[in-house]
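This report refers to the structure that appears directly beneath it.
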Amino acid sequence: YKQTFVSKHNGLYLIKVFANNPKLEYKDPLLFKLINDDTKEKIAEIPFSGLNVGVNTWIRFQFPPQKSVDKKFSFYLSAPSDVKKTTPIELGKVIKNSVDNELNLSLSGEKQSGILFFKSYYKTGIWQFANDSLNDFWQRINLDKPFLITYVVLIISVLMITIYAFIFN
């Protein structure tokens with residue numbers, strides 16, 4: 001399988017792929033390969049065994065953090081050509097009706113419908129993490145206005161009590 005995607009963030013360092021090894025029958029070696037499609041640079045080549053794939057589990061592939069924002073990547077999951085055919089590992093796939101130009105799935109060079117069920121993870125600096133966390137917090141808290149009002153009143157009350165205790169103590 002080959003899955004392409006465009007990274008929306010910087011610091012790509014981990015990809016997880018959902019897979020199933022029914023009855024834990026597949027034991028042969030497999031290979032994960034990650035390529036930067038823009039530069040054709042091979043970022044990672046990770047051999048692993050079918051024994052590492054459980055029933056309905058995430059397979060984790062970690063590599064050094066990459067300058068990845070707005071870059072196109074492809075990852076490949078394959079078995080070496082000398083491996084005898086046994087019960088294959090099933091990869092989780094999301095079926096999509098339309099073809100997304102940023103997410104293309106192919107099997108042995110032939111384009112497939114849908115995309116593999118995968119997650120990408122990014123390392124960020126502390127300031128970027130704090131900024132993203134505060135933005136996410138604000139978006140979530142803004143969805144529930146009564147909670148937002150209660151939260152703001154609580155914060156103001158705690159500040160006022162703290163100031164009062166500091167001044168009059």
Side-chain angles (χ1 to χ4, degrees), residues 1-140:
Y1 279 97
K2 172 187 174 187
Q3 176 69 63
T4 61
F5 67 99
V6 175
S7 175
K8 302 290 185 204
H9 306 283
N10 212 8
L12 175 68
Y13 81 102
L14 177 74
I15 292 177
K16 288 184 177 180
V17 180
F18 190 78
N20 182 26
N21 188 356
K23 300 178 188 174
L24 303 176
E25 291 178 353
Y26 190 88
K27 298 174 175 82
D28 294 326
L30 295 161
L31 182 66
F32 170 86
K33 191 172 11 173
L34 179 66
I35 305 287
N36 179 331
D37 282 350
D38 297 332
T39 64
K40 303 302 180 205
E41 173 190 6
K42 180 171 52 172
I43 295 165
E45 190 169 277
I46 304 169
F48 65 104
S49 168
L51 294 171
N52 296 106
V53 181
V55 176
N56 294 328
T57 59
W58 290 95
I59 313 170
R60 175 187 172 114
F61 304 102
Q62 189 168 346
F63 39 86
Q66 304 296 308
K67 293 181 180 178
S68 55
V69 68
D70 294 328
K71 293 185 180 168
K72 187 176 182 180
F73 293 92
S74 291
F75 66 85
Y76 300 80
L77 290 168
S78 60
S81 57
D82 60 340
V83 170
K84 61 184 183 293
K85 299 293 182 197
T86 61
T87 304
I89 286 181
E90 300 165 356
L91 297 175
K93 203 165 102 169
V94 178
I95 304 299
K96 295 175 66 175
N97 292 334
S98 62
V99 175
D100 186 337
N101 290 331
E102 293 182 359
L103 295 167
N104 295 315
L105 174 64
S106 61
L107 175 60
S108 301
E110 290 185 28
K111 199 168 204 169
Q112 303 284 306
S113 64
I115 60 171
L116 289 180
F117 195 29
F118 74 98
K119 298 177 184 180
S120 53
Y121 293 82
Y122 303 87
K123 282 199 185 257
T124 59
I126 188 69
W127 295 113
Q128 182 65 42
F129 174 74
N131 184 38
D132 291 346
S133 297
L134 288 173
N135 284 338
D136 184 50
F137 175 74
W138 181 250
Q139 288 173 355
R140 289 180 184 201

Test item: Thr124 side-chain N/O and Asn10 main-chain N/O as donor-acceptor pair under 3.5 Å: no
Over all atoms of both residues, closest heavy-atom pair of [X] and [Y]:
{"X": "Val53", "Y": "Ala19", "result": "CG1-CB, 3.9 Å"}
{"X": "Lys27", "Y": "Ser49", "result": "O-OG, 3.5 Å"}
{"X": "Ser68", "Y": "Ser7", "result": "O-CB, 3.0 Å"}

From [X] [atom1] over to [Y] [atom2], what is the distance, rounded to the nearest 0.5 angstrom?
{"X": "Lys40", "Y": "Ser74", "atom1": "NZ", "atom2": "OG", "answer": "7.5 Å"}
{"X": "Lys71", "Y": "Ile43", "atom1": "NZ", "atom2": "CD1", "answer": "8.5 Å"}
{"X": "Ile59", "Y": "Asn20", "atom1": "CD1", "atom2": "CG", "answer": "10.0 Å"}
{"X": "Lys119", "Y": "Arg60", "atom1": "NZ", "atom2": "CZ", "answer": "11.5 Å"}
{"X": "Phe129", "Y": "Leu134", "atom1": "CZ", "atom2": "CG", "answer": "9.5 Å"}
{"X": "Lys72", "Y": "Ile35", "atom1": "NZ", "atom2": "CD1", "answer": "13.0 Å"}

Qualifying residues under side chain to side chain donor-acceptor pair (under 3.5 Å), relative to Asn52, sequence neighbours excluded: none
Any residue meeting ring-ring contact (aromatic ring centres under 6.0 Å, His included) with Phe61, in chain and number order, not counting sequence neighbours: Phe32, Phe48
Minimum side-chain heavy-atom gap Leu12-Phe5 below 4.5 Å: yes
Side-chain touch Ser120/Phe73, heavy atoms, less than 4.5 angstrom: no
Among Tyr1, Phe63, Phe118, ring pair (Phe, Tyr, Trp, His ring centres under 6.0 Å) partner for Phe75: Phe118
Intermediate values then yes/no, side chain to side chain contact (heavy atoms under 4.5 Å, CB included), Val55 and Asn21: CA-CA 5 Å; Val55 176; Asn21 188 356; 5.7 Å; no
